[in-house]
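Structure first, commentary second.
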Amino acid sequence: MRRQDREIKEWADIIAVMKRAQVCRLALNDEDGFPYILPLNFGMEERAGKLRLFFHSALEGRKLTLMARDNRASFEMDGKHQLQYFAEKGYCTYAYESVIGRGRLFMVPDEEKQAALECLMDHYHPGEHAYFNPAAIPRTAVYMLEVESVTGKRKLPK
């Protein structure tokens with residue numbers, strides 16, 4: 001990281017950025033070697049020192065085809081955006097916080113789908129145990145990213 005003064009070093013702070021994020025951008029490798037980037041809803045879980053992200057989609061489609069070919073993926077989340085313009089100095093900057101990482105994607109087995117979807121719902125409705133129709137489970141693909149590395153960066157407002 002070039003600007004080490006902006007690095008988020010504490011694990012708890014990185015997790016806090018992720019908990020505040022509303023969207024996870026997932027990058028897969030397409031057939032031509034280009035990144036295929038998707039903005040997705042997500043859930044996250046820390047268990048036994050491992051971080052896992054959960055996603056859902058239809059049972060078929062391009063992302064599932066790409067995942068089956070190559071399960072390596074990168075991700076990005078960001079927030080606390082604040083454009084700052086200092087007219088007297090002719091200077092513009094941007095405050096933010098972000099997390100990037102990578103890992104490997106795996107399909108969640110049918111018997112674990114409900115728990116993964118509950119994790120996803122909890123990200124957007126913390127503490128509410130928000131209801132979702134269980135009839136949707138068999139027609140929903142649920143997949144998990146086992147995070148292998150993650151870094152965080154923050155630029156505070158001036």
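Only a predicted model underlies this, so the values are computations on that prediction, with no experimental measurement involved.
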Would one find more than 12 heavy atoms of other residues, nucleotides or ligands at under 6.0 Å from atom [atom1] of [X]?
X   : atom1 : result
R69 : CZ    : yes
E10 : CD    : no
F34 : CZ    : no

| Set of residues satisfying salt bridge (charged side-chain N to carboxylate O under 4.0 Å, His left out) with respect to D13, sequence neighbours excluded |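 Applying salt bridge (charged side-chain N to carboxylate O under 4.0 Å, His left out) to D13 gives none.
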
| message | List the residues meeting salt bridge (charged side-chain N to carboxylate O under 4.0 Å, His left out) with D110, not counting sequence neighbours, and say none if there are none. | response |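 Counting only residues at least two positions away or on another chain, D110 forms a salt bridge (charged side-chain N to carboxylate O under 4.0 Å, His left out) with K113.
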
Restricting to ring-ring contact (aromatic ring centres under 6.0 Å, His included), what partner residues turn up for [X], sequence neighbours left out?
X    : value
Y94  : H81
F42  : H123
H129 : none
H56  : none

How close do [X] and [Y] get, counting heavy atoms only, and between which atoms?
X    : Y    : answer
A58  : A141 : O-CB, 3.2 Å
S149 : F75  : O-CE2, 4.4 Å
M121 : A130 : CE-CB, 3.7 Å

Can you find a pair of side-chain heavy atoms, one from [X] and one from [Y], that are under 4.5 Å apart?
X   : Y    : answer
L83 : C92  : yes
V17 : I14  : no
S74 : I100 : no

If a pair satisfies salt bridge (Lys or Arg N to Asp or Glu O under 4.0 Å) and one of its residues is in [range], list it, with sequence neighbours excluded.
range            : result
residues 21-34   : R25-E76, R25-D78, D30-R62, E31-R62
residues 122-151 : R104-E148
residues 90-99   : R20-E97, E97-R154

| note | Besides L59, the hydrophobic cluster formed by Ile, Leu, Val, Met, Phe, Trp and Tyr side chains linked at under 4.5 Å, directly or via other members, contains none

| remark: By side chain to side chain donor-acceptor pair (under 3.5 Å), Q114 pairs with (sequence neighbours left out) E118

Group every Ile, Leu, Val, Met, Phe, Trp and Tyr by side-chain heavy-atom contacts under 4.5 Å, then state whether [X] and [Y] land in the same group.
X    : Y    : value
L40  : V108 : no
F55  : L38  : yes
M107 : M144 : no
L117 : L53  : no
Y143 : F54  : no

| message | Run the side-chain contact (heavy atoms from CB on, under 4.5 Å) test on V99 and T151 for me, step by step, so that the C-alpha distance in whole Å, both residues' side-chain angles and the decisive distance to 0.1 Å come before the verdict. | response | CA-CA 6 Å; V99 169; T151 60; over 6 Å; no

Measuring from atom [atom1] of [X] to atom [atom2] of [Y], what distance do you get when rounded to the nearest 0.5 angstrom?
X    : Y    : atom1 : atom2 : result
L105 : N71  : CG    : CG    : 6.5 Å
Y96  : K153 : OH    : NZ    : 4.0 Å
I37  : L26  : CD1   : CG    : 9.5 Å
T65  : D70  : OG1   : CG    : 13.0 Å
L145 : M67  : CG    : CE    : 9.0 Å
S98  : R6   : OG    : CZ    : 10.5 Å

| message | Run the side-chain contact (heavy atoms from CB on, under 4.5 Å) test on L120 and M44 for me, step by step, so that the C-alpha distance in whole Å, both residues' side-chain angles and the decisive distance to 0.1 Å come before the verdict. | response | CA-CA 7 Å; L120 210 146; M44 56 186 272; over 6 Å; no

| field | side-chain contact (heavy atoms from CB on, under 4.5 Å) between K158 and Y91, intermediate numbers included | value | CA-CA 12 Å; K158 293 184 179 225; Y91 176 69; 3.6 Å; yes

| request: Mind running side-chain contact (heavy atoms from CB on, under 4.5 Å) on T140 and S57 for me, showing each step along the way? | output: CA-CA 6 Å; T140 302; S57 68; over 6 Å; no

| said: I'd like to know if the side chain of Y124 reaches the main chain of Q22, judged simply by a donor and an acceptor atom lying under 3.5 Å from each other, with no hydrogens or angles considered. | reply: yes

| task | Could you name each residue pair satisfying side chain to side chain donor-acceptor pair (under 3.5 Å) that touches residues 45-55, not counting sequence neighbours? | result |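 As it turns out, the side chain to side chain donor-acceptor pair (under 3.5 Å) pairs with a partner in residues 45-55, which skip direct neighbours, are W11-E46, E45-R47, E45-R52.
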
